[in-house]
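In what follows, a structure is listed as structure tokens, so that the remarks can point back to it.
First the proteins, then the strands, lettered A, B, ... as listed; each starts at 1.
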2 protein chains.
Amino acid sequence: MKTVITVAIVEDKEPIRQSLAILVDGAEGYSCQATFENAEAALDYLPTHAVDVVLMDIDLPGMNGIDCVRHLKALCPYTQFMMCTMYDEDETVFDALKAGANAYILKRSPPHKLLEAITELHEGGAPMSSTIARKIASSFYTSQAVSPELEALSSREREILDRLAKGHSHKEVANELFISPTTVRKHIFNIYGKLQVHSRVEAINKYLGRK
Amino acid sequence: MKTVITVAIVEDKEPIRQSLAILVDGAEGYSCQATFENAEAALDYLPTHAVDVVLMDIDLPGMNGIDCVRHLKALCPYTQFMMCTMYDEDETVFDALKAGANAYILKRSPPHKLLEAITELHEGGAPMSSTIARKIASSFYTSQAVSPELEALSSREREILDRLAKGHSHKEVANELFISPTTVRKHIFNIYGKLQVHSRVEAINKYLGRK
DNA sequence: TTGAAAATCATACAAATGGCGTATTGTCGG
DNA sequence: CCGACAATACGCCATTTGTATGATTTTCAA
């Protein structure tokens, strides 16, 4: 049996929307079921007319493509979402993935690549433009240089900082470790010195590596 | 000028190592500079004889491929590492990426795909077997259940909480938002009520989804 | 064993924070 | 128009926290 991959397109610019639709419909094995010029229309239609793959522009008038995916993902669990955008900015990429996007390609990709990507996506892959893929892979890399500052902490200091990070007060930590609250405060003071910060939240951010 | 991509191979099984080397050396534009049958030998040689791309098996006798990458990455910043393995287990994949691997492909990939991957890697991409790519993309997806409590926050409250999370004091936030410190404190008080917490760090933990 | 670093504790002070009550203004949906 | 709610703002109080000075004991490597 021949499997046809059903596709929907969300893109506000008329010419781009048209050419994408023609590209998809013209290729064997693909069928463009619907096109929308904004997120709201897609949210209205797709939950009751599920398709295999949605090509989603990010920069839309009104609700943006990322929020649109976030909503649709919950309503159409079997639909795959491919973000299609002009830009490859860091935050946008990660926000899209967090929202549930399964693929992220740049509009400047050649048409045949687009069709390949749709197939790959439908077969369980996660096609990404190469620069995007590199960004994502790199995001996991934490140069094992845990920042020399953290290395300077003694094990006791680390234990205390860890409990502070859980939201405990110095009194609570004192009780947990069976030491005086003053001692805990002294440790905290020393920790601040080593990490070169002046508040609890700053220390915790350094400890947990959030910048 | 023609650019030749220099490659090194770390793989303990003799026949596989040989066939990979022949594959790489036989193709135009690729040159296999060295092969190693264990991580230690690679760690010994590569820091002083950098190559463009290293194909790294994970399951090695002695030190495993992931730890090997971790060490080499610090010493050979311009070298790209491609993990080459039989398995696609979750933890292994993420550990490899955290260690600094730039690509992750399964050995069952066809030879021509391997060469393509080397090129893509060298050109700044991050080739992944499709199942791997999907795993990675999915790892970002946090079912939008942001905990109903966070939903209760107004946008102003969210903005303030976000700045607190960066380590700013209420006075600093007040200056940033051009409102009175008292107002900021009132907001913080309301935030605590909605999140059902009693301290700044607890609120931030809920906000950032750390449990 | 000797010296440095770490861990412990005390006291003190000022600033920041947590926990209220109250009030004004503006917006929005019924 | 009314009630609900968000945002703004002030004041008051008790506690926590950041900073500082000083001291004793443990630990561990040189």
| query | Can you find a heavy atom in the side chain of B/Lys73 that is under 4.5 Å from one in the side chain of A/Tyr141? | reply |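 Yes. Closest side-chain heavy atoms under 4.5 Å.
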
| query | Is it the case that more than 12 heavy atoms not belonging to B/Lys13 sit under 6.0 Å from its NZ atom? | reply |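 It does: B/Lys13 NZ has more than 12 such atoms within range.
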
| query | Does B/Asn102 use its side chain to pair, donor to acceptor, with the backbone of B/Phe81 at less than 3.5 Å? | reply |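 Here the side-chain-to-backbone pair exists.
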
| So, the side chain of A/Ser129 versus the backbone of A/Ile132: is there a donor-acceptor pair under 3.5 Å, distance only? |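 Not confirmed, A/Ser129 side chain does not pair with A/Ile132 backbone.
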
| request: Determine whether the side chains of A/Tyr30 and A/Asp25 contain a donor N or O and an acceptor N or O closer than 3.5 Å. | output: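 Looking only at side-chain atoms, A/Asp25 and A/Tyr30 do not form any donor-acceptor pair under 3.5 Å.
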
| Have B/Ser180 and B/Thr182 got a donor and an acceptor in their side chains that come within less than 3.5 Å? |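 Yes, side-chain donor-acceptor contact under 3.5 Å.
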
I want to check one thing: is the phosphate of [N], taken as OP1 and OP2, less than 4.0 Å away from some side-chain N or O of [X]?
X        : N      : value
A/Arg156 : C/dT8  : yes
B/Ser154 : D/dA7  : yes
B/His170 : C/dA16 : no

| task | Give, ordered by number, those residues of residues 176-186 of chain A having at least one heavy-atom distance below 4.0 Å to an atom of DNA chain C; if nothing qualifies, reply none. | result |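 Under 4.0 Å from DNA chain C: A/Ile179, A/Ser180, A/Thr182, A/Thr183, A/Arg185, A/Lys186.
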
| Inter-end axis angle, the helix from C/dT1-D/dA30 to C/dG30-D/dC1, with every axis fitted to five base pairs (rounded, 10 degrees) |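 If I round to tens, the end axes sit 60° apart.
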
| said: Suppose the criterion is side-chain hydrogen bond (donor to acceptor under 3.5 Å, both in side chains): which pairs have a residue in residues 32-42 of chain B, not counting sequence neighbours? | reply: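 Passing the test, one end in residues 32-42 of chain B: B/Ser31-B/Gln33.
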
| task | Could you check whether the rings of B/Phe140 and A/Phe94 sit parallel, tilted or perpendicular, using 30° and 60° as the cut-offs? | result |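 Because their plane-to-plane angle lies in the 30° to 60° range, the rings of B/Phe140 and A/Phe94 count as tilted.
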
